[in-house]
Structure formats: C-alpha cells, structure tokens
Amino acid sequence: MKQTSRFRMTKVFGALAATTTLAAIALQPVRADTPAPIEIGITASLSTIPGAAIANAAKLAVADINAKGGVNGHPLALVIEDNQASATNAVSSFQRMVNQDHVVAVVGTWISEVALALEPWSARLHMPFMVTGAASNDISAFVHKDYAAHKYVFHAYFPSAFLAEGVCDLSHDVLVDQLHMKSAVIISEDAAWTKPLDAGYAGCLPGAGLSVLKEIRFSPDTADFTPIFQQAEALNPDIIISGWAHVGVQPTVQWADQKVPLPLAGINAQAGSSAFWKATNGGTEGVITTSTSAPGVANTPLTIPFTDEYQKAYGISPAYSAYSTYDAILALAAAMQSAHSTKPDAIVAGLEKTDITGTQGRITFLGQSSPYTHALRFGQGYVTGVAIQWQNGTQKCIWPANLANAKPEFPGFVKLPKLASAN
Amino acid sequence: MLILQILIDGFAISALYALGALGFTLIFGVSGVLNLAHGAVLVTSAMVAWYVGTNEAAGALAGAASGVLAGVITAFVTYAVVVRPIQRSKAIPEGERELFVLTGTLLWGVMLQIGLGYIFTTTPVTVHQLVSGTVDIMGVRTPTNEILIAVMSWLTLGVLWLVVNRTPAGKRLLAASINPRGLTLMGVELGQVYLLAWGIYGIIAGIAGVLLGSFLGTSSAYIPALTGTAFSIVVLGGLGSVTGTVMAAYVVGYIETLTAYLVSPSLRAVPALLLLVLVLYFRPQGILGRR
C-alpha cells in the first residue's frame, strides 16, 4: 500500500517536472525577443519603517525608469532580500544576490553595522554597493583610505558628520535666531552612527549658538526613559537635541506622557514617516526632526510627484530612506546609461560623474580627495535635507526658509525661553 | 527630590514587573509548566490593544478589553495546542515531559513572534492610554498613567489573592499546586482545574501586556526579553511562589531604577542580572522557593 502511494507520488512529481521543463522550453523564444532585464539587488530590514521604505522606493524608481524605456533598452528588475537587520544575514544574502541572481549592483540598508559588514564583500566581489540610509562616517572613510579596493561603495546618503551639520544649521536659523535658545542637552542612542554624530554636534552646536551642557548616551534597548529626561531637565537647557533612529517611539511617547517641558529636536529618524503618528498615538506632536524631505515639500520638481506616488501606492508618507533610495537608483540607471555598460568598473566610473536632479536635490558624489569619498555632496545648491515638525497630526516643513511651509509651534507643556514666548 | 523620584518611578515599574511575572509563576505553581511563550502572550495582548485602540470608532477602553481577551484566547490556544497534547502524549516518557513542554512553548513563542512581526512589523508601537496627563506628587511630575498602572497591578494581585484563598475554585487551584494526586483522589477533575488556571493566566497576562504596552511600548522584538525578565524575576522569587515573585519584582525594579538614576541608564539591567547569578549560586531555590 505504502509502496503504491509512493510510486504514484513519484509519477505525479515526474509529470510535474516534465510539464515545467516543457513550459520553460516553450517560454524560451518569447524571452529571447525582449531584452534581458538588468537585475539590481535590494538589501533591507523589511519589518522596520526605514527598511520597508527602501524596498518600496526602489520599486517605484524601477517602475518609473522602465516606463521611460529602461536603461539602454533593457528593463530594470529588482531582487529584494530581507536582511532582518542582521549583518550575518545581509552578508549571505549579498553573496547570493551576486553569485546566483547576477545583480549588477546592490542598494539599501539603513543600519550602519550592516553597511559596514557588507563593505568588504563589495570590495572582494567587485560589486557596486550603494548605501541609502545608514550614516556612519566610516562608510565613506574606508573608501577614502583604500580607494582601489573600496571604490565600489557609494554612500548615497549622509555621513553622520553631515547630518550633524544639518542639525546645526537648523539650530542656528530656527532655534537660536527665531526662538532665542542658548543651551542644549544631547541625548543619543548608543550605535555606530551616533558616535560621529555626537562628535559633530559637540563641534558645531556652539558655533550655531547653542552651548552643550551634557551629552547623554543610552542603550537602544532602554525601556524607561524617565531617568534620562530627569537628568536632562535638571540641567535646565533650552532644548533636547536627539540622535535617534533605532529607537523613536518609546522616548517620544514618554516625553509627551511625562510632559517634559523641554522641546525635542534633532534627528528622530522614525518621526520622518507618517506611520509615526499612529505608532505614538499622537505623542510626536511638536517633535522636530531633520529628514531628506516631507509631504508637500518641493526640494526639486521631482519631489512632490514622488511623495504623492509613494503615498498612493503604500498608504503612508515616504520615510527618509525612501527619497535617498529613489535617487540612488536614478543615479545608478543614469550611470549605466551613460557608460553603456553594466560592468562594475564602468558603473563606478559612471556614478563618479553623476550630476542629476533627484528628489532630494542635485545629486553628486564627493571625489577621492574628500575624506568622505563617494558620499552624497552636502550643502547649498546640492542636498541639505529639511527639518520637519509634527503639527496637529501632519508633518510641516520649518527649515530651510525657502522650503518652509510653517512656523515652529510647541505643545502647551513645553517651556520656551522668555523672549520667544513674549513674541 | 531625586530619592522621591526614584521611589515613585521604581514603585510603578516594579508593580508592572510583578504583574508581568505573576501569570508565569501561577501556571508553574499549579501545573508545573514553564511557559516560555509568556512574552509572546504579553505582546499579543498589547498589539491587539494597540490595533483596536487606535481605531477611531473603538477607543482606548475597547482596545484594552480586546487586548485582555486576546491574552485569554492566546493562553487557551497555548494550552490546547501545545501544552496539553505533549502532557498527554504516550510517546514521550513521563520523566521527560517537562522538558518537552519547555521546548514546545519556546518554539510556540518563536512562532508567535515571527507571526506578530509579519502582521504588525517590528517597529515598536504604544498602546493608547486610558488616562493622560500628569499629577504633581510632592514636586515630582508623575504621569497619571503610571499611577493607574501601579493601582491596576496591585488590584489584580489583590483579586487573585481573594480568588485563590476565598473561593472553592481557587482553593482547588491551591490544592493542585500542593498535591495534585490528592485532589484527584477527592474526585476533582484535574483537567478542569488546569483549564481554570490557564484562563486566569490569560486574564493576568492580558492585563499585564496592555499596561506594559501603554507604559514602555510594545513590539514583537521585545518578546525574548520579556520572557527572560519574567523568568529571572520568578527564579529570584522562587519558582511557583506568588509572594516571592512580588518581592523579587520589587528588588529587580528598584535595583534597575537606582542604577539608571545613579550610575547610567545604559547599564540599567546589569546589576539585577548579577544578583540573579549570585542567587543561583547561593540560594538556588530563590527568596521564597519551596524546593
């Protein structure tokens, strides 16, 4: 009895296999007619807000490029792999994408630890790798130190040093000039990207007009933030400057619950996504964070169409990493188009010559002489990012002045310096 | 001022720890099951409470109620699908059943974790609070929700004490924890006692999950740490001892709070874990353990 059923199963499988093979052969000529797609690998932690945004934005970029005829007549296709925020998973998935799927480049990851683990593999396998959400200074510093080996890595987002500069510019223009603040306490999560960020803050905040009273670092698995806020409040600063990406919901909610009387600004990466309002039950009201762009903000003519398209497709606004990923894939496509090649060295040469308008601004990469080789060029006329503030459940842009669509406003429990409240 | 702050903050977090570990110790005491899916039950309740609570039409109270209900359902499913079949399996030798139940609940917890991560993503969310605002307690600005959490935790502890010590059904629970064979000889169906125990477990874990989610936030990624904390507290207090669990929760809660305020917030968990290792060396039965 058992024998017969096993025999029958073998027959069924045999028939299935035969049909599949036949079908594959039958399909072959059809495939030969259309040009083979150019495969691009995406590595991201898909269950996180910035990770999902990377994959979502990549899909939109590929659809938009294919709608305009693809690259040199070839359509683009994506291989999306979930690295589950683990460096080990990311490395094996990177190798699989290169060796089995024959991707021409890998794009993604918002976690510096993952990006730094993939960097040597990009060098070994000569695989162009564009980091679109992680911020450690080391990502581009390694390219600078050993260009010949690491030239395949492009940091299509900002190193922490530039992120800190963005917050300092915001502090100077808004917090000091408009709100008359004088002192700050820095509260950052303990992670690879915040070490250079805190150093950057400490270096540029005083120049912007905010003296730094203390730097507090906490473990990313902290659950109760009361002691941290108490410590900050006891020092009587005018504002808390944050460096948060792995955490976001808990400190923000507890800040609102405990009615911590200090305004909260800086980098609160998850607050860049519209999903943050629901996740915090509105606790994010009044929170200021820098980001790449925001709904209704036109960094370039491409920004609003992209934001709207994203919102329509996924029901939430794009997180910061969505804009950087979309731009990275535009740059990659342009590089392959101009080089008429998908060979690694040709792509690198093409990317180095990148000068396109993306959703964030004018996209170019820094050269070999910069200590941040292959990082996105930061500054006026290129990409500066924006500062958004949550006001009545929506994200408003409060900086830079040419893009701002609202003035800063804070919940009632926040105490502002005397001069400002008199205004 | 700082001392008062530590006292208040530590009291609320310890009460929450006690409630979170209570169900774990109860189910071990009554039926000898170490439920390593405990963290998953807590987070399931919190996630459901968040999901329903953020829905405009439902509101926070309906959210909390659905969360508790989800806790009860998850508890019964855990018992019916994982624990009972292993306990009744003839293929597993008598002496190895506890180990199989341990493994079974561990794997079930991992399944729930992956499932919750798939449905709700691993991004943390916060359960809608039943009360908002802050109260000034002698100069310490305390969130009203924190007070509610402490009150609800102690209320649940009190009700459990009354049920166990003052009702016939509760007395059977107590008897089952002391001498299950004797209880069977008295003509009591042990299966029904266990069913009651898992029902009570579900309610307690549901309340704990919802309160935890409103205070510290919730995410499927927290599941292993929550199971670990509950396990540590229960081992410290003595497996199966409710009073020991409450005492241990306060010891751990206050040590953590003191460390966070006086040493560094990033070292919060370390001293309590060191204490646990010392307890395992010198008093393996815990503070009030029976064996």
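Quick note: numbers below take in every heavy atom, side chains included, and nothing from hydrogens, waters or symmetry partners. Lettering follows sequence order; numbering is per chain, from 1.
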*Asks:* About how many Å separate NZ of A:Lys259 and OG of B:Ser132, when rounded to the nearest 0.5 Å?
*Replies:* 6.0 Å
*Asks:* Please classify the contact of B:Tyr118 with chain A as side chain, backbone, both or neither, using a heavy-atom distance under 4.5 Å.
*Replies:* neither
*Asks:* Salt bridge (Lys or Arg N to Asp or Glu O under 4.0 Å) with B:Arg141: which residues, sequence neighbours excluded?
*Replies:* A:Glu233
*Asks:* If I take atom OG1 from residue B:Thr54 and atom CH2 from residue A:Trp277, how far apart are they, to the nearest 0.5 angstrom?
*Replies:* 13.0 Å
*Asks:* Can you tell me how far CZ of B:Phe215 sits from CD of A:Gln254, rounded to the nearest 0.5 angstrom?
*Replies:* 6.0 Å
*Asks:* Do A:Asn281 and B:Gln129 have side-chain atoms, one donor and one acceptor, less than 3.5 Å apart?
*Replies:* no
*Asks:* Using the rule given for side-chain contact (heavy atoms from CB on, under 4.5 Å), can you reason through A:Ile49 versus B:Thr121, listing the C-alpha separation, both sets of side-chain angles and the distance that settles it, and then say yes or no?
*Replies:* CA-CA 8 Å; A:Ile49 290 176; B:Thr121 82; 5.8 Å; no
*Asks:* Do B:Thr122 side-chain atoms and A:Ser47 backbone N/O form a donor-acceptor pair below 3.5 Å?
*Replies:* yes
*Asks:* Does a sphere of radius 6.0 Å around CZ in A:Phe410 hold more than 12 heavy atoms from other residues, nucleotides or ligands, not counting ones at 6.0 Å or beyond?
*Replies:* yes
*Asks:* Based on non-hydrogen pairs under 4.5 Å, which of B:Val125, B:Val127, B:Thr126, B:Asn145 is most in contact with chain A?
*Replies:* B:Thr126
*Asks:* B:Gln5 and A:Thr226: which non-hydrogen atoms are nearest, and at how many Å?
*Replies:* NE2-CG2, 3.7 Å
*Asks:* Given that the side chain runs from C-beta out, which part of B:Glu256 has a heavy atom under 4.5 Å from chain A: side chain, backbone, both or neither?
*Replies:* neither
*Asks:* Please state whether the side chain, the backbone, both or neither of A:Val260 comes within less than 4.5 Å of a heavy atom of chain B.
*Replies:* both
*Asks:* For the atom pair OG1 (B:Thr144) and CG (A:Asp257), what is the distance rounded to the nearest 0.5 Å?
*Replies:* 9.0 Å
*Asks:* Kindly indicate whether the side chain of A:Arg217, heavy atoms from C-beta on, has any atom under 4.5 Å from the side chain of B:Ser264.
*Replies:* no
*Asks:* Identify the heavy atoms of B:Pro124 and A:Ala279 that sit nearest to each other, and give their distance.
*Replies:* O-CB, 3.9 Å
*Asks:* Quick one: CD on A:Gln258 to CG on B:Asp9, what's the gap to the nearest 0.5 Å?
*Replies:* 7.5 Å
*Asks:* If you count every heavy atom of other residues, nucleotides or ligands that lies below 6.0 Å from B:Leu61 atom CG, does the total exceed 12?
*Replies:* no
*Asks:* Show your working on side-chain contact (heavy atoms from CB on, under 4.5 Å) between A:Phe276 and B:Thr123 and close with a plain yes or no.
*Replies:* CA-CA 10 Å; A:Phe276 201 64; B:Thr123 307; over 6 Å; no
*Asks:* So which part of B:Thr134 gets closer than 4.5 Å to some heavy atom of chain A, the side chain, the backbone, both or neither?
*Replies:* both
*Asks:* I need the A:Asp224 CG to B:Ile13 CD1 distance, nearest 0.5 Å.
*Replies:* 4.5 Å
*Asks:* Assess whether atom CG of B:Leu262 is packed by more than 12 heavy atoms of other residues, nucleotides or ligands within 6.0 Å.
*Replies:* yes
*Asks:* What part of A:Asp190 gets closer than 4.5 Å to chain B, counting heavy atoms only: side chain, backbone, both or neither?
*Replies:* neither
